[in-house]
Structures are given as structure tokens and as C-alpha cells.
Amino acid sequence: DAKTTQPPSMDCAEGRAANLPCNHSTISGNEYVYWYRQIHSQGPQYIIHGLKNNETNEMASLIITEDRKSSTLILPHATLRDTAVYYCIVRSLRSGYALNFGKGTSLLVTP
Amino acid sequence: EPEVTQTPSHQVTQMGQEVILRCVPISNHLYFYWYRQILGQKVEFLVSFYNNEISEKSEIFDDQFSVERPDGSNFTLKIRSTKLEDSAMYFCASSTPIGNTIYFGEGSWLTVV
């Protein structure tokens, strides 16, 4: 799986949009970009994934650049409960393929 | 919303003892996983399981570890002879057959003393 690079930490004010960047310059054509988060040692929580088109669900939006070498996870109105470690993971959709977690970005949402 | 459930939530065991961690994956999922997270470190893949056999495993998953799906609902991780360094949070996960999004349980915290 391709390697990803994320900033180690970010801050965001409550109510503002949180934009979390991720670089994945070695991504290959059949690899998807997945985002998970982990709130204080709870189980990782799936957020969203995409291949090349932008995606949106009830939790977040995922913007993938045209060359697919980077992406941004957007939490449109961050709340204190969004404070967590966010992981950007590149992964083939081949069934059974594991997720390889890096260190992620520790997002702190402040009042 | 369906979820992966794990038991026990916390177990303390003596070094050298056998431990079995249990998981009930989401009911229509076909792929099952175990991950672990040592305190303060990243989440690490241990093993994936499909059609009653291991499909992939990491170098962490040595002969001390085994997995089993003893019936139609449970998925277990056995550690044969626990070591101090096995102390960690163990996460079970399962994934959809189509799309293959992986969903995690809340974890079982294992403390080896």
C-alpha cells in the first residue's frame, strides 16, 4: 500500500470547518483513500473513503486532487466530540486487505 | 446500526497464562480481523480471516497466536502463553464483502502481569 503523510497535530475552533490534509504521492490506480478516526483509545471509526471523485456523507467530505496525490478531509462544523486522531490510509479494495495505520493527525477542537 | 462487539472489555492475566478474546462481527460480513494497539503506539494489524482460514497475517502474529471461528457468530483470538509485551488493546474488525469497508469493535484491553 502507498505511504501517506499527515501533519502530527492540528487545532480547530468549535463550529469552524476542520480541514485535514494528507499526501499520498505514490498512490496507484486501484488504491482508495480511506479516513478513520480514533477517539481516545476507542476502536477506530470509519469516516469516509474515495477513489478519485469527491465524496460526502453525514460525517465529512473528502476532496481528492485530480492527480490523486493528495486529499483533504473536511469536517464542516467541528464539535468538541470531533477531537480525535485522524488517519488517512491508502488501500487496495482487494478483499481481505488489511488497513495499515500510521501515526495520523491529532485534531484538537477548542471551545 | 450493526456493530462489532467484543468481550471482555478488560482482562488481567498472569504471564504464561492462555487468553481468549472474543468478538461477534457484524452479521453479514465475511472478512474478520484482529488488530492491536500497545499503549501510546499506533494500531497494528495482526491477522485477517476469511472462509475459515487465515488470509493474511503480520510478523507479530507468531505461533503464540491463533484465531478461530468456532460457530456461525463468534471470532476468537487466542494467545497461548501470554508475555508482558502482549499487554495492549486488541481490536476485532469485520468488513463487508462488497466495498470492503472495515468496521472495528471497541476493543478488549489485555493487561499481563
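Protein chains get the first letters and strands the later ones, always in sequence-line order, with residue 1 at the start of each.
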Can you tell me how far the NZ atom of B/Lys42 sits from the CG atom of A/Asn100, to the nearest 0.5 Å?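 Separation between the atoms: 7.5 Å.
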
When you group the ILVMFWY residues by side-chain heavy-atom contacts below 4.5 Å and let the links chain together, are B/Leu84 and B/Met89 in the same group?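 They do not share one cluster, since no chain of ILVMFWY contacts under 4.5 Å joins B/Met89 to B/Leu84.
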
With a 4.5 Å cut-off on side-chain heavy-atom distances among I, L, V, M, F, W and Y, is there a chain of contacts connecting A/Leu80 to A/Ile74?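 No; tracing contacts between hydrophobic side chains, which count when under 4.5 Å, never links both residues.
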
By the side chain to side chain donor-acceptor pair (under 3.5 Å) test, which pairs, at least two apart or in different chains, include something from residues 60-79 of chain B?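 Those involving residues 60-79 of chain B are B/Asp71-B/Ser73, B/Asp71-B/Asn74.
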
Heavy-atom distances under 4.5 Å only: say whether [X] touches chain A with side chain, backbone, both or neither.
| X | value |
| --- | --- |
| B/Glu106 | both |
| B/Tyr50 | neither |
| B/Tyr35 | side chain |

Taking all non-hydrogen atoms of both residues into account, name the closest pair between B/Tyr33 and A/Ala98 and its distance.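 Looking at all heavy atoms of both residues, the shortest contact is CE2-CA, 4.4 Å.
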
Shortest non-hydrogen separation from B/Thr101 to A/Tyr34 and the atoms involved: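 Answer, listing the atom of B/Thr101 first, then A/Tyr34: OG1-CE2, 4.2 Å.
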
Going by heavy atoms in the side chains, are B/Phe91 and A/Gln38 under 4.5 Å from each other?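 Sidechains of A/Gln38 and B/Phe91: in contact.
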
Check whether any side-chain heavy atom of B/Ile102 lies under 4.5 Å from a side-chain heavy atom of A/Tyr36, and answer yes or no.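 Touching, per the 4.5 Å side-chain cut-off.
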
Using a 6.0 Å cut-off, check whether atom [atom1] of [X] has over 12 heavy atoms from anything other than its own residue.
| X | atom1 | result |
| --- | --- | --- |
| A/His40 | NE2 | no |
| B/Leu39 | CG | no |
| B/Arg80 | CZ | yes |
| B/Glu85 | CD | yes |

Treating A/Tyr46 as the side-chain partner and B/Phe104 as the backbone partner, does any N or O pair qualify as donor plus acceptor under 3.5 Å?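 Looks like no, no N/O pair under 3.5 Å.
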
